[in-house]
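A short write-up of the structure that comes next.
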Amino acid sequence: MSTTGTPRRITMTPAARRALLAAGRLFYERGIHAVGVDLIAAEAGVTKKTLYDRFGSKEQIVVEYLADRDDRWRAFLAERLDAAGPDPRARVLAVFDATGAWAADLSPKGCSMVNAHAEISDPAHPAHRVITGQKRWMLDLFTRLVEDIAPERSGELARTLMLLHEGALVAHGLGIFPDAAASAREQARALLP
């Protein structure tokens, strides 16, 4: 299986959507390896055959779960970036504000991509491309956001912001200290020229 490009996605039927919602909740709460297709089928109110007819494999369910989560995050973030207006500094800080809101409401156990990567580190697994693709997209976003602020060091600044962002996600998931995204936001603000 290729480790480059976009992974294959499926068309969602109502039964597939129910299965994906159940799988997403279970994968996030319990871990990908701890959840089998029997449990997903039971929770979704579908048969195991329906799961395999719709998705083909558990690997594809994992791909859909992570890709759906990424799609929702990107839409959530786009709304916050739009609301921040054109000022590049405000837009950088809006990423951290969005992360704080998302984490508080939708990610009590930390970043689903980071959590999934702890279980799926094999680049041949199709979900690996979703995980690394999402993190590359975030780095590219930070790079685009800081190009107008510090064009001569946009790559370095974007990587530093990415490290702050990812550290905040991990610290939040571990419950090390309250409001990790707000702390990362303040560090990011101090870095912006």
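All values below were derived from every heavy atom in this structure, side-chain atoms included, with hydrogens, water molecules and symmetry-related copies excluded.
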Please check: side-chain N/O of [X] versus main-chain N/O of [Y], any donor-acceptor pairing under 3.5 Å?
X: R159; Y: G155; result: yes
X: Q60; Y: F55; result: no
X: Q134; Y: D70; result: no
X: R91; Y: L81; result: yes
X: T143; Y: L139; result: yes
X: N115; Y: K109; result: yes
X: H172; Y: A103; result: yes

Short N-O contact, [X] and [Y], less than 4.0 angstrom:
X: K135; Y: E166; answer: yes
X: R189; Y: E186; answer: yes
X: R136; Y: D140; answer: no
X: R80; Y: D97; answer: no
X: E64; Y: R9; answer: yes

Exercise: identify the closest heavy-atom pair between [X] and [Y]:
X: H128; Y: I120; value: CD2-O, 3.5 Å
X: I40; Y: F27; value: CD1-CZ, 3.7 Å
X: A171; Y: A180; value: CB-CB, 3.9 Å
X: Y65; Y: G24; value: CD1-CA, 3.3 Å
X: S154; Y: V146; value: O-CG2, 3.4 Å
X: F177; Y: S183; value: CE1-OG, 3.9 Å

Could you tell me the separation between the [atom1] atom of [X] and the [atom2] atom of [Y], rounded to the nearest 0.5 Å?
X: H117; Y: T132; atom1: NE2; atom2: OG1; answer: 7.5 Å
X: L157; Y: E152; atom1: CG; atom2: CD; answer: 9.5 Å
X: M138; Y: M162; atom1: CE; atom2: CE; answer: 6.5 Å
X: L26; Y: L39; atom1: CG; atom2: CG; answer: 5.0 Å

Validation row: [X], [Y] side chains within 4.5 angstrom (heavy atoms):
X: P88; Y: L145; result: no
X: C111; Y: W73; result: no
X: L164; Y: L191; result: yes

Output all residues satisfying salt bridge (Lys or Arg N to Asp or Glu O under 4.0 Å) with R17, sequence neighbours left out; order by chain, then residue number.
D68
Is there a path of hydrophobic side-chain contacts, each under 4.5 Å between heavy atoms of I/L/V/M/F/W/Y residues, joining [Y] to [X]?
X: L20; Y: V37; answer: yes
X: L106; Y: L66; answer: no
X: I131; Y: I61; answer: yes
X: Y52; Y: M12; answer: yes

Fit a plane to each ring of F96 and H165, take the angle between them on a 0 to 90° scale, and name the class: parallel (under 30°), tilted (30 to 60°) or perpendicular (over 60°).
perpendicular
Using the six-membered ring wherever Trp is involved, compare the ring planes of W102 and F76 and label them parallel, tilted or perpendicular (cut-offs 30° and 60°).
perpendicular
Test side chain to side chain donor-acceptor pair (under 3.5 Å) on S107 and R69; report intermediate values, then the result.
CA-CA 11 Å; S107 293; R69 187 106 171 162; 2.7 Å; yes
Test salt bridge (Lys or Arg N to Asp or Glu O under 4.0 Å) on E43 and R25; report intermediate values, then the result.
CA-CA 10 Å; E43 291 281 322; R25 182 178 48 76; 2.5 Å; yes
